[in-house]
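See below for the structure under consideration.
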Amino acid sequence: SNAVAFWLGNPVLNPAVIAFLALVAPWSWVATRVAVGLLVVLAVPALVARFAPAPAGEAVALEDDAGVEPAPSLARYLRALARLAVVLIPEYLVVVLLVGGLRGWLLPIGDASVELPVLITLAAAVLGALVVIPTGGEIPLLAGLAAAGVGRGPIGALLIALPAISLPSMAMTGRALGVRATLTTAGGVIACAVVAGGLLWALGP
């Protein structure tokens, strides 16, 4: 469960990504990311430990590996934030401008999320858990989708599902954690992503 918590917490609760999100997105996005991100990191590993516990030998090995992580520092945090800003600010502007120019073709996406909010939110949670994106890459993508009129439910679901896991990451970790633990993790993330969609919808823009 410690390995699962590290796997999920590193992208979902990355302080540099959350700081950038706070600079360019509504407060409700930040609140949803932090609140449901904590739920993901606390609840999903517990779910894995309950339904797909790892053998004792594997658990010790994973804990030993985690012990070599460098200690947090302000300098490393600022460097990570600067690297993200250099990459994401231009990407953010380009995506928003492109979506604005293609708004006429993208409007059906927004219409579907309004007419079928629960179904589209669930679909977003599942698809978001399969797609691989770079660290922080969900921010410009979600800004573009919001500009296209996609509803708050799918946006909230993608805010958690996109960074948390992906099909390649599940394929790689499946060898160490096992298929059952990996599928349990995926199911837990998808469920939390749906919760995030509901929370963002309740909080408003």
Side-chain angles (χ1 to χ4, degrees), residues 5 8-44 72 74 76-100 103 106-107 109-114 116-118 120-129 131 133-166 188-205:
L8 300 176
N10 189 43
V12 174
L13 294 177
N14 186 305
V17 174
I18 292 174
F20 186 79
L21 183 66
L23 291 175
V24 300
W27 70 269
S28 56
W29 290 29
V30 181
T32 298
R33 176 66 167 260
V34 173
V36 182
L38 289 171
L39 177 64
V40 168
V41 172
L42 295 175
V44 176
L74 180 60
R76 288 197 303 112
Y77 167 74
L78 292 176
R79 284 197 299 269
L81 181 59
R83 285 196 300 268
L84 280 172
V86 168
V87 174
L88 291 182
I89 289 176
E91 183 180 350
Y92 180 87
L93 295 174
V94 168
V95 170
V96 171
L97 288 173
L98 283 176
V99 170
R103 184 177 177 84
L106 293 173
L107 277 176
I109 299 175
D111 295 339
S113 65
V114 172
L116 302 169
V118 176
I120 297 300
T121 298
L122 179 58
V126 173
L127 292 175
V131 176
I133 58 170
T135 300
E138 71 275 10
I139 299 175
L141 175 60
L142 294 179
L145 292 175
V150 173
R152 295 192 299 271
I155 294 293
L158 291 172
L159 196 59
I160 294 297
L162 277 174
I165 56 174
S166 65
V189 168
I190 290 170
C192 289
V194 174
V195 170
L199 177 61
L200 186 60
W201 179 86
L203 291 176

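Since the model is a prediction, treat every value here as computed from it, not as a measurement.
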Heavy-atom closest pair, residues Val194 and Leu122: CG2-CD1, 4.0 Å
Pair Leu203-Arg152, side-chain contact (heavy atoms from CB on, under 4.5 Å): steps then yes or no: CA-CA 9 Å; Leu203 291 176; Arg152 295 192 299 271; over 6 Å; no
Minimum heavy-atom separation for Val40 and Cys192, please, with both atom names. CG2-CB, 3.5 Å
Would you call Pro154 and Leu145 a side-chain contact if the rule is heavy atoms closer than 4.5 Å? no
Nearest heavy-atom pair of Ala196 and Gly156: which atoms, and what distance? CB-O, 3.3 Å
Quick one: does Arg33's side chain have a donor or acceptor within less than 3.5 Å of a partner on Leu13's backbone? no
Taking every non-hydrogen atom, the tightest pair across Gly136 and Pro140: O-CD, 3.5 Å
Among Leu159, Leu39, Val36, whose side-chain contact (heavy atoms from CB on, under 4.5 Å) with Leu199 holds? Val36
So, taking the atom named CD1 in Ile190 and the one named CD1 in Ile160, what distance separates them when rounded to the nearest 0.5 Å? 13.0 Å
Ignoring hydrogens, what is the shortest heavy-atom contact between Ala124 and Leu158? Give both atom names and the distance. O-CD2, 3.3 Å
In residues 19-30, what donor-acceptor pairs under 3.5 Å come from side-chain atoms, sequence neighbours left out?
| residue | atom | partner | partner atom | Å |
| --- | --- | --- | --- | --- |
| Ser28 | OG | Gly204 | O | 3.0 |
| Ser28 | OG | Pro205 | O | 3.3 |

Provide the closest heavy-atom pair for Val44 versus Gly188 in the form atom of the first, atom of the second, distance. CG2-C, 3.8 Å
CD1 of Ile155 to CD1 of Ile120, rounded to nearest 0.5 Å, is 12.0 Å
